A.B. asks: 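Dumping the structure here so I can ask a few things about it.
Counting convention: from 1, in listed order, for ligands and their atoms alike. Just so you know, these numbers use all the heavy atoms, side chains as well, and skip hydrogens, waters and symmetry mates. Quick caveat, the model's predicted, so the values are computed rather than measured.
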Amino acid sequence: MMNRTLAQADPQIARIMAGELERQKDTLMLIPSENYASRAVMAAMGSVFTNKYAEGYPYRRYYNGCEYYDQLEQLAIDRACELFHADHTNVQLHTGSQANMAAYYAMLEPGDRILAMSVAQGGHLTHGDPINFSGQFYEGHFYGLDPETDRLNYDMILQDAKEVRPKLIIAGGSAYPRIIDFQKFREIADEVGAYLMADIAHICGLVAAEAHPDPVPYCEVVTSTTHKTLRGPRGAMILCRADWADRIDRAVFPGIQAGPLMQIIAAKALCFKEAQEFGFREYQRQIIRNSQALGQALLEEGFTLVTGGSDNHLLLVDLRNKDVTGREAADLLEAAGMVVNKNLIPGDPLPSTEASGIRPGTPGLTSRGMKENEMKMVGQWMARAIHEGREAADVLDEIRQQVVELCAAFPIYEDL
Ligand code: DSN
């Protein structure tokens, strides 16, 4: 039983996995929070580091036999601190949601007020939304976007902060296509005596490559996932100032987690190294150029972009002039081999299950080596699928075939 391959041990799972590999090979990954991890990152995730408990922190464990786990976790911490110029990093967080939970646990008391971007305007559920633990254990208050520009308006956020008097202000979201000015957020937090946390899950790779302003100098705490633009394993981390290190570490373990996933920490250590290697900075800059090229192609096809474009890895497309909902558009695009997600747009009249927008992004396509020319083609295919696909299934099949050919020209993994 111990030495079989996956195919020998469980042909059913092996078949399902083979199907998923084919899907990933033959479709365009346009969801901005997704990416393809390197072969080496995937190897680290499926390694012997899965076999042991290592509760505690390097050189302070509750289990014996942690010699190599200590070396590994310390390496991950040191690399993250170097990459992000942070005083301290906790690399044990399993998910972005748990990173935020641990940060609140370290910074807040139950019932304290949080001020964050609302989900309806591009924020995240874990930033105080009433249907999430964060809005039930703490008091969630929200800033929105300037209705004139659909951008963050720091004067308006300051007004909100003066009214709410939050203990914590959160900068960052999951559907905001523009630069976030963390220095302005710091000034607002200081003016009302609040802590500042940035959630950079989406833009983490851009920040690592200095293609987006760095929040670390301005925040008490920065949370992030590691699998989006950063292109590491599915997981998360918390960066913080030295004076927060003990509180953050205690909040993670024993506060909200027990045994860390050491095989994922191995892959995090590796992705922090990959992010310092030749080509990574250029990769992140190409993500942005591709996002802007895709946006331009969609504008030329008559689509409306929230804020008119993008400074980062994602676009928010307002479909209200296209007589199609976000859900319908995402389904048409998937039938044509382009996988996007539906998304609320600012002031959306539809519920989130239907939504008036889609949120295409370019980290995945850029990992395949695609550039501006391919983005132009993809934008044209997206337009054709949405404009003609409802009436003509053969159009979707035709585009699907073109997508497969493009994917073959830009393979994800050699010999997989
Ligand atoms: N799933 C992430 C995203 O797509 O933005 C947020 O949790």
A.B. asks: Give the residue, atom name and distance (to 0.1 Å) of the protein heavy atom nearest atom 5 (O) of ligand 1.
C.D. replies: His202 NE2, 2.6 Å
A.B. asks: Look only at interatomic distance and state if Lys228 has a nitrogen or oxygen under 3.5 Å from any nitrogen or oxygen of ligand 1.
C.D. replies: no
A.B. asks: Is the NZ or CZ atom of Lys167 both under 6.0 Å from the centre of the six-membered ring of Tyr195 and within 45° of that ring's axis?
C.D. replies: no
A.B. asks: Show which atoms of ligand 1 fall inside a sub-4.0 Å distance from at least one heavy-atom site of Arg359.
C.D. replies: 3 (C), 4 (O), 5 (O)
A.B. asks: For atom 7 (O) of ligand 1, grab the closest protein heavy atom and report residue, atom and distance to one decimal in Å.
C.D. replies: His124 NE2, 2.7 Å
A.B. asks: Please confirm whether the ring centroid of Phe185 lies under 6.0 Å from the ring centroid of Tyr154.
C.D. replies: yes
A.B. asks: For atom 1 (N) of ligand 1, what is the closest protein heavy atom, and at what distance to 0.1 Å?
C.D. replies: Ser33 OG, 4.4 Å
A.B. asks: May I ask you to list the atoms of ligand 1 that are less than 4.0 angstrom from any heavy atom of Ser174?
C.D. replies: 5 (O)
A.B. asks: Under 6.0 Å from the six-membered ring centre of Trp381 and within 45° of its axis: does the NZ or CZ of Arg384 meet both?
C.D. replies: no
A.B. asks: Salt bridge between Asp155 and Lys184, side-chain N to carboxylate O under 4.0 Å?
C.D. replies: no
A.B. asks: Please name the residue in the list Thr149, Thr307, Asp150 that meets the side chain to side chain donor-acceptor pair (under 3.5 Å) test with Arg178.
C.D. replies: Thr307
